[in-house]
Amino acid sequence: MRHVFVETNWVFAYASPAHHKRLDAVELLERAGANAVRLHLPAPCLTEARPPIMKKCQPRNEADAIRQYLRRARAEQTVSPDQERATREVLDRFEQQVRGELRQLDDVLKSLRTKPGLELFPLNEQMLDRAIDLAQMDLPLRPFDQAILAGILVRAEELRSQGETELCFCVTDADLQPWAKQGHAKQPLTDLYDEALVWVYGDFSMNAPERPEVWPDLNAKP
């Protein structure tokens, strides 16, 4: 069984209204429900995802920009009255749908607690102790990210002690990814994942590892 760690960005990608939802995030949970993989989510990520969804997914952010264009286009006579009317009707429907989805957000987040194949794990004392250790390292991470990283590293150790070997982390948060934009490994973050035998992906599809191919496959048999 492949064990897949996810974090707050996965929750955002899964639980957001349709115009911000990511299909690969939804499909990953479906794979977990079909017992193809096992997802592991630090419990605090469920709470952290709500404020950015409510802030970034408001429908007026996108709709107002189009309405401003329509006002200019009407003055310049580059759209017909029928086109303007049809566009405004679509915008109204869009706003209604997104507002409805946002009203259901708490129910969607709550439902994740009982989804088959998804395990929410709290940060235990050992994980919090590891977070303190990480804070003393040269890691450009916020305290919350330090705690999440500590939780994943310790949970990976727990799974390995149970005989599990296929461990990976699907992470789109650039701060937690062990590579820079140029593809160079970021230290000491790279070593932390390597020591934990956790393979890192930069998306939720897991089609190909994002780590440079020169890095060793730590799960490969000699």
Side-chain angles (χ1 to χ4, degrees), residues 1-15 25 28 32 37-56 109-110 112-113 115 118-204 206 209-212 215-219:
M1 171 69 70
R2 175 179 290 186
H3 294 265
V4 183
F5 293 102
V6 289
E7 42 82 43
T8 303
N9 282 8
W10 175 82
V11 181
F12 184 100
Y14 173 83
L28 183 58
V37 299
R38 180 76 176 178
L39 296 187
H40 299 264
L41 174 69
C45 294
L46 208 57
T47 302
E48 190 198 25
R50 188 183 189 281
I53 292 176
M54 294 300 296
K55 179 179 179 180
K56 296 180 180 180
L109 294 175
K110 184 178 180 180
L112 286 175
R113 301 176 184 177
K115 288 291 186 181
L118 173 61
E119 176 184 334
L120 270 71
F121 62 93
L123 300 184
N124 59 31
E125 184 175 352
Q126 185 179 0
M127 295 171 183
L128 296 177
D129 286 342
R130 179 68 67 86
I132 295 174
D133 294 337
L134 293 177
Q136 299 174 4
M137 302 175 65
D138 188 20
L139 291 169
L141 297 177
R142 296 171 298 151
F144 184 88
D145 286 342
Q146 291 172 355
I148 296 305
L149 176 59
I152 290 172
L153 295 177
V154 172
R155 183 66 182 133
E157 293 173 359
E158 294 172 352
L159 290 169
R160 289 205 318 273
S161 70
Q162 298 168 13
E164 302 293 343
T165 59
E166 294 188 56
L167 311 178
C168 61
F169 184 19
C170 290
V171 54
T172 60
D173 184 338
D175 291 337
L176 289 170
Q177 291 173 341
W179 57 82
K181 290 183 178 179
Q182 299 80 12
H184 303 303
K186 293 192 300 190
Q187 296 294 358
L189 192 55
T190 299
D191 286 343
L192 290 171
Y193 288 125
D194 286 349
E195 291 167 2
L197 301 183
V198 173
W199 190 256
V200 183
Y201 294 90
D203 60 17
F204 307 122
M206 298 186 295
E210 294 290 339
R211 298 186 352 166
W215 295 5
D217 182 353
L218 298 175
N219 289 323

Locate the shortest heavy-atom distance separating A196 from A156; write the atom from each residue and the value. O-CB, 4.2 Å

Set of residues satisfying side chain to side chain contact (heavy atoms under 4.5 Å, CB included) with respect to N9, sequence neighbours excluded: E7, T172, D173

For atom CD of E125, decide whether the heavy atoms of other residues, nucleotides or ligands shown that lie under 6.0 angstrom number more than 12. no

Distance from Y193 atom OH to Q177 atom CD, nearest 0.5 Å? 8.5 Å

How many angstroms lie between SG in C170 and CE in M206, if you round to the nearest 0.5 Å? 5.0 Å

Plane angle bin for F169 and F5 - parallel if under 30°, tilted between 30 and 60°, otherwise perpendicular: perpendicular

For H40 and L159, what are the C-alpha separation, side-chain angles and deciding distance, and is it a side chain to side chain contact (heavy atoms under 4.5 Å, CB included)? CA-CA 11 Å; H40 299 264; L159 290 169; 3.9 Å; yes

Sequence neighbours excluded, the answer for side chain to side chain donor-acceptor pair (under 3.5 Å) partners of R130 is E157

Non-hydrogen atoms of T190 and P178 that approach each other most closely: OG1-O, 3.1 Å

Between CG on residue L120 and NZ on residue K115, distance to nearest 0.5 Å: 12.5 Å

Can you tell me how far the CG atom of L41 sits from the CZ atom of R113, to the nearest 0.5 Å? 11.5 Å

Would W179 and V200 count as a side chain to side chain contact (heavy atoms under 4.5 Å, CB included) if you check the C-alpha gap in whole Å, the side-chain angles of each, and the deciding distance to 0.1 Å? CA-CA 10 Å; W179 57 82; V200 183; 3.5 Å; yes

In a table with atom names and distances, give each donor-acceptor pair under 3.5 Å that connects a side chain of residues 45-56 to protein atoms at least two apart or in another chain.
{"residue": "E48", "atom": "OE1", "partner": "T8", "partner atom": "OG1", "Å": "2.3"}
{"residue": "R50", "atom": "NE", "partner": "D106", "partner atom": "OD1", "Å": "2.6"}
{"residue": "R50", "atom": "NH2", "partner": "D106", "partner atom": "OD2", "Å": "3.4"}

Show your reasoning for whether side chain to side chain contact (heavy atoms under 4.5 Å, CB included) applies to M137 and L192. CA-CA 11 Å; M137 302 175 65; L192 290 171; 4.2 Å; yes

Can you find a heavy atom in the side chain of E119 that is under 4.5 Å from one in the side chain of R155? yes

Between R38 and V4, does a side chain to side chain contact (heavy atoms under 4.5 Å, CB included) hold up when you go through it step by step? CA-CA 6 Å; R38 180 76 176 178; V4 183; over 6 Å; no

Can you tell if the side chain of P42 reaches within under 4.5 Å of the side chain of I152, non-hydrogen atoms only? yes

ring-ring contact (aromatic ring centres under 6.0 Å, His included) filter on Y14, not counting sequence neighbours, yields W10

Per the side-chain contact (heavy atoms from CB on, under 4.5 Å) rule, which among L141, D129, L149 passes with L134? L149

Provide the closest heavy-atom pair for L109 versus V11 in the form atom of the first, atom of the second, distance. CD2-CG1, 3.6 Å

Give me the atom names and distance for the closest heavy-atom approach of A147 to A131. CA-CB, 3.9 Å

Rounded to the nearest 0.5 Å, what's the gap from OG1 on T165 to CE on M1? Could you check? 12.0 Å

List in chain and number order the residues that pass side chain to side chain donor-acceptor pair (under 3.5 Å) with Q146, two or more places apart in sequence or in another chain; answer none if no residue qualifies. none

For L123 and G151 the tightest heavy-atom approach is CD2-CA, 4.0 Å

Backbone of I148 reached by a side-chain donor or acceptor of D145 within 3.5 Å: no

Under the side chain to side chain donor-acceptor pair (under 3.5 Å) rule, collect the residues that match up with E164, sequence neighbours excluded. H3

To the closest 0.5 Å, what do you measure between CG (L28) and CG (D203)? 9.5 Å

